[in-house]
Structures are given as C-alpha cells and as structure tokens.
Amino acid sequence: MKGLRKTAVIAAAVLITVLLSDSEVYRAVAVTTTQQQLEQTQNEKNELENELENTNQDIEGLKETHSSLKDELDSLNGDLTDVSGTLEKIEQEMQVKEKDIEDTKAALDEAKATEEWQYECMVRRIRLMYERGDISYIDTLLGVSSVSDMVSVADCFEMIEAYDRKMLESYKETKSLIEEQESILESEYDELENLRIAAEAEKSKVSGLISRTANSIAEYAGQIDDAEKEALALEEEIRKKDEDIEYLQQKIAEEQAMSQQAANSTWRDISEVEFADGDRYLLANLIYCEAGGEPDAGKLAVGSVVINRVLSSVYPDTVVGVIYQDRQFSPVASGRLALALAENRATQSCYDAADQAMSGVTNVGSCVYFRTPVEGLTGIQIGGHIFY
C-alpha cells in the first residue's frame, strides 16, 4: 500500500513538473536560479558590450577607409581633369597641325603646278626661239644688220634662258622646302597622335580607377550603414539586458526580504510535520539535482532549506508544495527533477541528507534560499553555495 502511495506521489510530481516546464511563466526560471540568471544576464550584457565596442571600432575603421577613398576619388577626379585637359590640348594642336599639313600640301601642289607651268613655258619659249617655222637661231643671228645687233640678240637669248633656268631652279627649291616642311609636319602630327593615344589610355585608366573607387566607396558606405544598424541593435539588446538585470536585482532583493520575513515568521516544530510517503524520495532527488556534486554538508544544507520552508508559515506546509511552488527550484522548471524522479538518480548520500533534514537537523539555521556565491551576497557558504 505504501509503495502505491509512493508511486502516486512520484507520478503526480512528474506530471506537475511537465505542466510547469511547459508554462510560459517558467521561461526565465528554466535556466537556473535568480542569482544565476542575474550572472548570466550580466555576462550576456558584457558580451554584447564587447561586441558593440568591436562593432564601433569596425565602424571607425570603415569610416577612415571611406574617407581615404573619398580623398583618393577627389585626387583621381583631379587627375582625370588634368588628363582630359591635356588630351583636349593635344587634340586642338592636332587640329591645328592637320590644318597646317593641309595648307602645306596645298602649297606643295601649287608649287608643283607652278614648276610644271614654268617648265612648260620655258620649253615653249625655247621652241619659239629656236624652232619657229624655218627660222633657226643661226638665221636669226645672221639676219641682223651688224655685229653689235648680233651680240645683242645672242645676249637676249642667253638672258631668257638664264632666267628660265633660274626660275625653274627656284620653283624646284621651293617645292623641296615645302616637301621638307610637309615631312616635318607629318612627323609632328605622328608624335601628337602618339601623345593622344597615351592620353586616351591614361584617361581610360583614371576613369577605371574612379569607377572602382566609387564602387568601393559605395560598398564601404553600405558596410558602415549595416554596422551602424548592428550597433543600434546591440545597444537595444544592452538596454533590454539592463532592464533584465534591474528586474533580477529587484527579485533578489525581494528574495532576501522574503528570507528575512521567513526568519521572523511563525515556525512549526519538526514534530508537527506529517510527511507523506513520497516526500523522502522527492526530496532526495531534488537534493541530487541541486547539490549532487556537493559534499555531504552541502547536500544536507539544500535539504534543510526545503524543510525550513515547510516549517515557516510564509511557505507551503508540505514538501511537495514547497518544491513545486512557482519559480523556486530550477530543476523543476528545467525538467531535470522529473528525469531524476523517473530514474531515481538520487545517491545514498542524497537520501541520507534527506533523512537528516526531515528529522530536523539543519546546518544553515533558518535559511530559506541558496545560490552560487556572488559579490555583495552574505550568508553561510557551504561548498559551492551561499545559504541565506
């Protein structure tokens, strides 16, 4: 009969644990005790602050690079302006040079035409003088009336011939000079063309650098925007953590006040408590979950806290009521107690501690709370817990 009652108590405890662990009310408690939650929240806040600091450093680095790229872009735009100006000047010089070459070629064509015309005129005069009809040069000379006239005619012919030859040589020399000038102009034009090609290449290169730099600036601007959004999100998370920390600190203060209230409340004697058959089994497994790795004194201290609550008028008056009271023992909410109860994981030392506590033995006085040691929390330290 006692075995059936024990089984019923365990089953009820497991059912209550499952129902409570599914409740949204236990969302924060499922991790650990209030103080441990506070420590965890503080650690999470510290991690967020470190992440925020790193993000802000990244933002500063990105902004420096962004600023440097903008300066580089300004410089490149200046280079592009210079190169474009140089290219425009070269193209203007080429246009002038092209006009000079065209004018020179026109002059050369005119000189060639003049040379050909002069040569043709000379040939015609020679023919006229020496080969006109049946009158020859000799006949012309013999037809004069005196020697002096003959000499004059001969001199005249020689002067005409000399003039023709002089003019012909002059036109040839002019044509040669024009051809030389044309060659020089074409060479200068070729040099300008090479400069224009080099300037075009430089312009294209600078334009490519400007395009890539502008893209990099846009990319860094996007990264800065993303990083700043991330920083704002981290700041919001830190703000929420501050709220959580404030809430948990208030909760701890309430627990300490509750502990003081319990100490000043009416207490029953252990002889007045009627334990159920399953209480020992339940308490031993709770001790296992809360202090399974603690020394025997630590196990007894945990059991004493539970029994102290049973004895105090501030808390429920049964072991089941105390252990399953809302938001009190984290193994209840996390499901660890249910698993321990299902498999009876409690060790003999846990049962021994439960027996001592249920017999009225306490090594923590009237303490009704325990948690890991933290700065500012005073109490009785046993093993890895502070009892208060």
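Index from 1, following the sequence.
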> Would you say Tyr288 and Leu337 make side-chain contact, with heavy atoms under 4.5 Å?
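Of all side-chain heavy-atom pairs linking Leu337 with Tyr288, none is under 4.5 Å.
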
> Ignoring hydrogens and angles, tell me if any N or O in the side chain of Ser334 forms a donor-acceptor pair with the backbone of Ser330 under 3.5 Å.
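Pair found, side chain donor or acceptor close to backbone of Ser330.
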
> Looking at Lys166 and Glu169, does any basic side-chain N land under 4.0 Å from a carboxylate oxygen?
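No.
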
> Hydrophobic clusters here meaning ILVMFWY residues chained together by side-chain heavy-atom distances under 4.5 Å, can you tell me if Ile217 and Ile59 are in one?
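Different hydrophobic clusters.
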
> Is there a donor-acceptor contact under 3.5 Å from the side chain of Asn56 to the main chain of Ala231?
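Answer holds: no.
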
> Taking it one step at a time, do Lys241 and Glu44 satisfy salt bridge (Lys or Arg N to Asp or Glu O under 4.0 Å)?
CA-CA 8 Å; Lys241 292 298 178 184; Glu44 290 172 352; 2.5 Å; yes

> Sub-3.5 Å donor-acceptor pair from the side chain of Arg371 to the main-chain atoms of Tyr388, do we have one?
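Flag not set: sc Arg371 to bb Tyr388 has no pair under 3.5 Å.
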
> Could you give me the CA-CA distance, side-chain angles and deciding distance for Asp352 and Gln348, then say whether side-chain hydrogen bond (donor to acceptor under 3.5 Å, both in side chains) is met?
CA-CA 6 Å; Asp352 292 342; Gln348 185 58 50; 2.9 Å; yes

> Quick check: does any side chain N or O of Ser75 sit under 3.5 Å from a backbone N or O of Asp71, one acting as donor and the other as acceptor?
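Pair absent, no side-chain N/O of Ser75 close to backbone of Asp71.
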
> Just verifying a value: how many Å separate Glu237 CD and Leu52 CG, rounded to the nearest 0.5 Å?
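Atom-to-atom, Glu237:CD and Leu52:CG are 10.0 Å apart.
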
> Going hydrophobic residue to hydrophobic residue with side-chain gaps under 4.5 angstrom, can you get from Ile245 over to Ile238?
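Each belongs to a different hydrophobic cluster.
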
> Is the shortest distance from a Lys or Arg side-chain nitrogen in Asp103 or Lys99 to a carboxylate oxygen in the other one below 4.0 Å?
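Yes, charged N to carboxylate O under 4.0 Å.
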
> Which of these passes side chain to side chain contact (heavy atoms under 4.5 Å, CB included) with Ser304: Val368, Val361, Thr362, Ile382?
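Single pass found, and it is Thr362.
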
> Where do Glu91 and Gln95 land on the side-chain hydrogen bond (donor to acceptor under 3.5 Å, both in side chains) test, with the steps shown first?
CA-CA 6 Å; Glu91 289 174 342; Gln95 291 176 356; over 6 Å; no

> Using modelled atom types only, decide if a donor and an acceptor are shared between the side chain of Asn363 and the backbone of Ala297 within a distance under 3.5 Å.
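Indeed, once roles are kept as given, a pair shorter than 3.5 Å links the two residues.
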
> Does a salt bridge link Glu93 with Arg196, judged by any charged N lying under 4.0 Å from a carboxylate O?
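No, Glu93 and Arg196 are not salt-bridged.
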
> At what distance, to the nearest 0.5 angstrom, does OG1 of Thr213 lie from CD of Glu72?
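Taking OG1 in Thr213 and CD in Glu72, the distance rounds to 4.5 Å.
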
> Please state whether the rings of Tyr351 and Tyr281 are parallel, tilted or perpendicular, taking 30° and 60° as the class boundaries.
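Answer is tilted, since the angle falls between 30° and 60°.
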
> Linking I/L/V/M/F/W/Y whenever any side-chain heavy atoms sit under 4.5 Å apart, do Ile307 and Leu300 land together?
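No.
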
> Using modelled atom types only, decide if a donor and an acceptor are shared between the side chain of Asp296 and the backbone of Ser349 within a distance under 3.5 Å.
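No: the side chain of Asp296 does not pair with the backbone of Ser349.
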
> Quick check for you: to the nearest 0.5 Å, what is the distance between Ile210 atom CD1 and Lys205 atom NZ?
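Here the rounded value is 12.5 Å.
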
> Should Val273 and Val302 be counted in the same cluster of Ile, Leu, Val, Met, Phe, Trp and Tyr side chains packed under 4.5 Å apart?
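Both belong to a single hydrophobic cluster.
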
> Return yes if some donor-acceptor pair links the side-chain N/O of Asp279 with the main-chain N/O of Ala276 below 3.5 Å, else return no.
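Indeed, once roles are kept as given, a pair shorter than 3.5 Å links the two residues.
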
> Between Lys105 and Asp109, is there a salt bridge with N-O shorter than 4.0 Å?
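No salt bridge links Asp109 with Lys105.
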
> Do Ile323 and Val364 sit in one hydrophobic cluster, given that two such residues count as connected whenever their side-chain heavy atoms are within less than 4.5 Å of each other, even indirectly?
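Shared cluster, yes.
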
> Is it true that a side-chain atom of Glu272 and a backbone atom of Asp269 form a donor plus acceptor pair closer than 3.5 Å?
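Indeed, once roles are kept as given, a pair shorter than 3.5 Å links the two residues.
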
> What verdict does the salt bridge (Lys or Arg N to Asp or Glu O under 4.0 Å) test give for Lys229 and Asp225, after you've listed the backbone C-alpha separation in whole Å, the side-chain angles of each residue and the deciding distance to 0.1 Å?
CA-CA 6 Å; Lys229 289 179 180 177; Asp225 185 59; 3.3 Å; yes

> Keeping the roles fixed (side chain from Asp317, backbone from Val310), state whether a donor-acceptor pair exists under 3.5 Å.
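Judged by distance alone, no pair lies under 3.5 Å.
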
> Sequence neighbours excluded, which residues qualify as side-chain hydrogen bond (donor to acceptor under 3.5 Å, both in side chains) partners of Glu98?
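Tyr189.
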
> Is there a side-chain contact between Thr347 and Cys350, using heavy atoms and a 4.5 Å cut-off?
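Contact flag for Thr347/Cys350 side chains = yes.
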
> Could you tell me if the side chain of Glu290 sits less than 4.5 Å from the side chain of Val305, heavy atoms only?
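Counting from C-beta outward, Val305 and Glu290 never come under 4.5 Å.
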
> Measuring from atom OG of Ser187 to atom NZ of Lys97, what distance do you get when rounded to the nearest 0.5 angstrom?
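It is 10.0 Å, given to the nearest 0.5 Å.
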
> So, the side chain of Glu294 versus the backbone of Gly384: is there a donor-acceptor pair under 3.5 Å, distance only?
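Such a contact is found between Glu294 side chain and Gly384 backbone.
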
> How long is the gap from CG on Leu192 to CG on Leu185, to the nearest 0.5 Å?
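If we round to the nearest 0.5 Å, Leu192:CG and Leu185:CG are 10.5 Å apart.
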
